[in-house]
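So the structure is just underneath, and the comments pick up after that.
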Number of protein chains: 2
Amino acid sequence: MSRPTLEKVAARAGVSRATVSRVVNGSTTVAEHIRVAVQRAVEELGYVPNQAARSLVTQRADSIALVFSEPPVRVFSDDPTFAGIIRGVSTEADAADKQVVLMLAGSSRGHERVERYTTSGHVDGVIVASMHGADPLPAALARRGIPVVCSGRPLTGSSLPYVDIDNVGGAESAVRHLLESGRRRIATIAGPPDMVAGIDRLTGYRNALRDSGRRSIIAIGDFTRDSGFEGMTQLLEDDPGLDAVFAASDMMALGALQALRRAGRRVPDDVAVIGYDDVPAAPFADPPLTTVRQPTMRMGRELARLLLHPGESSVILPTELVVRESA
Amino acid sequence: MSRPTLEKVAARAGVSRATVSRVVNGSTTVAEHIRVAVQRAVEELGYVPNQAARSLVTQRADSIALVFSEPPVRVFSDDPTFAGIIRGVSTEADAADKQVVLMLAGSSRGHERVERYTTSGHVDGVIVASMHGADPLPAALARRGIPVVCSGRPLTGSSLPYVDIDNVGGAESAVRHLLESGRRRIATIAGPPDMVAGIDRLTGYRNALRDSGRRSIIAIGDFTRDSGFEGMTQLLEDDPGLDAVFAASDMMALGALQALRRAGRRVPDDVAVIGYDDVPAAPFADPPLTTVRQPTMRMGRELARLLLHPGESSVILPTELVVRESA
DNA sequence: TCTCCCTGTGAGAGCGCTCTCAGCCAGCAT
DNA sequence: ATGCTGGCTGAGAGCGCTCTCACAGGGAGA
């Protein structure tokens with residue numbers, strides 16, 4: 001009834017445990033006819049090595065953790081970033097024959113759980129996908145001696161390897177597009193100032209405007225649709241003459257679109273709108289949303305590669321402006 | 001440098017391994033002052049039990065696998081189903097202090113990998129989230145003696161426990177809504193006939209029409225946007241007089257919307273449209289899409305509960321019609 | 001023929017933990 | 001005093017595997 005052990009296979013094949021182990025692990029120093037005999041025994045018994053026993057001696061787990069250090073709601077709401085990362089990490093891990101353990105570490109209790117789990121030898125390394133650059137988790141894990149890579153530049157001043165997307169460049173390209181299409185008063189609805197994405201996209205906006213000598217018009221949101229609506233409303237009050245807005249997330253852009261419609265402004269005729277993220281809903285917005293697309297899947301792959309091949313250096317990935325009708 | 005072991009803690013606290021183990025695992029038969037001493041030693045050394053060693057003797061892994069038996073593209077494209085399931089499973093697993101191991105088993109190589117991984121004692125049970133009812137994976141795992149629950153009624157005739165969503169009822173409610181708002185020629189763009197969701201939603205459509213004595217007008221799609229566009233185009237050719245369409249997925253509905261627009265039909269004035277899934281893009285469609293929402297997170301929770309408490313019986317969850325402007 | 005090496009195999013020592021079982025020392029009844 | 005509990009603790013076996021090391025056997029070189 002219970003699963004066969006190495007011992008059982010060895011007995012059946014008439015060899016020692018060591019030899020079976022050699023065959024199972026693909027050692028070359030085994031005579032051909034013995035190898036065949038062992039493999040048949042493995043087959044017949046349906047033998048699968050006990051991973052716990054193996055880990056115990058090898059000190060490896062052959063799996064990596066992918067930790068989302070965010071409330072789960074955020075992770076899987078409308079943001080395609082996480083989905084892309086998951087796919088990328090999975091792809092790369094598969095290729096290296098590693099398993100991916102997905103963990104949600106939203107609560108502080110979650111933090112602790114993740115720390116316990118990853119230090120218990122269950123995984124060989126951890127990818128922390130956190131949007132808050134000041135998240136203490138990565139550093140805490142590193143202190144424990146666990147290999148860690150971060151998605152997004154850590155704000156904590158730690159020197160952990162990371163993969164980030166060129167938020168500054170992405171925002172710059174969006175604003176430049178607005179400038180090039182003749183817009184003169186370009187506002188932004190920025191993201192929260194405690195997130196790298198929020199900070200960097202605002203920097204990009206400022207850079208692009210500074211280069212062209214125009215002044216900035218700024219509202220602060222939190223990446224949600226509602227905050228986009230409010231931000232836009234306020235922006236319209238502050239400067240009724242604005243003719244373009246760059247929202248630091250598509251959800252905020254969608255909210256802005258709604259606020260503009262309510263205020264009777266036509267998009268893109270009166271006001272051009274650009275978002276960020278290229279969420280699935282973006283092409284279906286009214287009008288279809290021009291936005292900045294991020295290579296999220298590639299990000300996942302790079303994260304896994306960085307974890308699997310330590311020593312390679314941090315990576316910054318480029319973005320792509322997807323021009324639709326809103327700008 | 002290396003992680004402290006039970007032995008080290010025992011030495012520091014001046015007791016035996018067994019006693020430390022008792023304290024760590026919360027046994028009551030330990031004198032108060034010793035318990036305190038041990039806990040201090042654990043604290044000071046930063047001791048975390050080695051899970052491999054523990055699993056080896058307890059034969060438990062304290063984690064469960066959540067397997068997506070689909071190509072990864074599908075899993076994380078625009079379908080909120082999987083995201084909801086992940087959240088639900090995670091929530092419930094957390095509560096039971098179990099870890100969730102996420103696995104993508106798209107390829108046949110993936111199938112094999114999952115089988116190896118789960119039989120190697122790495123997990124205590126498996127949740128298979130597959131949209132193809134005839135997926136051989138769940139049965140294969142069950143044969144191996146691993147506890148399995150399926151998301152979606154298995155089409156293989158196996159008697160595995162499952163959690164499903166009332167696809168038939170959901171489709172019926174959509175079509176009834178169309179009927180009640182006075183529509184007379186109601187078409188459907190059905191899903192693929194090898195998926196439970198495809199089959200059941202078509203059944204629901206037929207049921208509702210049969211009850212009211214109307215005939216069915218059917219096109220077959222594959223849940224994608226493009227197939228929705230094509231399906232709608234064909235439907236319009238087959239029966240130019242149709243005044244409503246029920247698409248078995250939102251993505252197909254979105255495609256249908258586009259086809260209708262191109263054909264110069266107004267929605268909902270000329271043709272009413274209802275989708276299925278309530279994807280994030282649905283509220284932003286033009287016009288906002290009326291659709292059938294599924295309790296995906298609850299589904300995840302039920303899946304986990306079923307796995308964690310064997311013996312409870314399979315569950316079918318109700319859907320909810322979300323009325324927006326397209327119907 | 002003897003030694004040397006080289007290939008292939010087996011014996012055995014743990015990896016870090018849990019859990020059974022025996023043992024110890026009160027404290028109480030006899 | 002002696003025996004008997006009954007509550008705590010420690011000794012030790014063993015979970016299933018890997019990996020080092022010793023060793024057997026045979027071909028080549030001396």
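Nothing here was measured: the structure is a model prediction, and the numbers come from that model. All values below come from the heavy atoms of this structure, side chains included, with hydrogens, waters and symmetry mates left out. Residue numbers begin at 1 in each chain, while the letters A, B, ... track the order of the sequences.
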Gap between atoms CD and P, on A/E32 and C/dG8 respectively (whole Å): 11 Å
Spacing between B/R3 atom CZ and C/dG16 atom C1', to the nearest angstrom: 9 Å
Lys/Arg N to Asp/Glu carboxylate O, A/E43 vs A/R40, below 4.0 Å: no
Phosphate OP1/OP2 of C/dG10 contacted by A/T19 side-chain N/O (<4.0 Å): yes
Proximal nucleotide (of D/dT9, C/dT18, C/dT9) relative to the A/A31 side chain: C/dT9
Residue met sooner reading DNA chain D from 5', once B/V30 and B/A53 are mapped to nucleotides: B/V30
Validation row: A/R153, A/L155 side chains within 4.5 angstrom (heavy atoms): yes
Candidates D/dG16, D/dC15, C/dT9 - which lies nearest the side chain of A/I34: C/dT9
Below 4.0 Å: OP1/OP2 of C/dT18 and any side-chain N or O of B/S21: yes
Euclidean distance, atom NE2 of residue A/H33 to atom P of C/dG8 [Å, nearest integer]: 11 Å
5' priority, DNA chain D, between B/G14 and B/R17 [closest heavy atom]: B/G14
Nearest-angstrom distance from the residue atom NE2 of B/H122 to P of D/dC17: 13 Å
Between C1' of D/dC17 and CZ of A/R60, the distance in whole Å: 12 Å
Rounded interatomic separation in angstrom, taking CG from A/L6 and C1' from C/dG12: 14 Å
Mutual orientation of the aromatic rings belonging to A/Y117 and A/H122 [parallel < 30°, tilted 30-60°, perpendicular > 60°]: parallel
Nearest-nucleotide pick for A/T5, side chain only, options being D/dG16, C/dG10, D/dT18: D/dG16
Rounded distance (Å) that lies between atom P of C/dG16 and atom CZ of A/R54: 18 Å
Within-4.5 Å side-chain heavy-atom neighbours: A/T118 and A/L141: yes
Steps toward side-chain contact (heavy atoms from CB on, under 4.5 Å) verdict (B/V38, B/V15): CA-CA 8 Å; B/V38 170; B/V15 297; 4.0 Å; yes
Donor/acceptor link under 3.5 angstrom from B/R22 side chain onto base of D/dG10: yes
Side chain of A/N50 - closest among C/dG10, C/dT18, D/dC17: D/dC17
Position toward the 5' end of DNA chain C (nearest nucleotide), B/A18 or B/A52: B/A52
Distance test, side-chain N/O of A/T29 to OP1/OP2 of C/dG8, below 4.0 Å: no
Nucleotide C/dG16, atom P - distance to NZ of B/K8 in whole Å: 8 Å
Presence of A/S16 side-chain N/O under 4.0 Å of C/dG10 phosphate oxygens OP1/OP2: yes
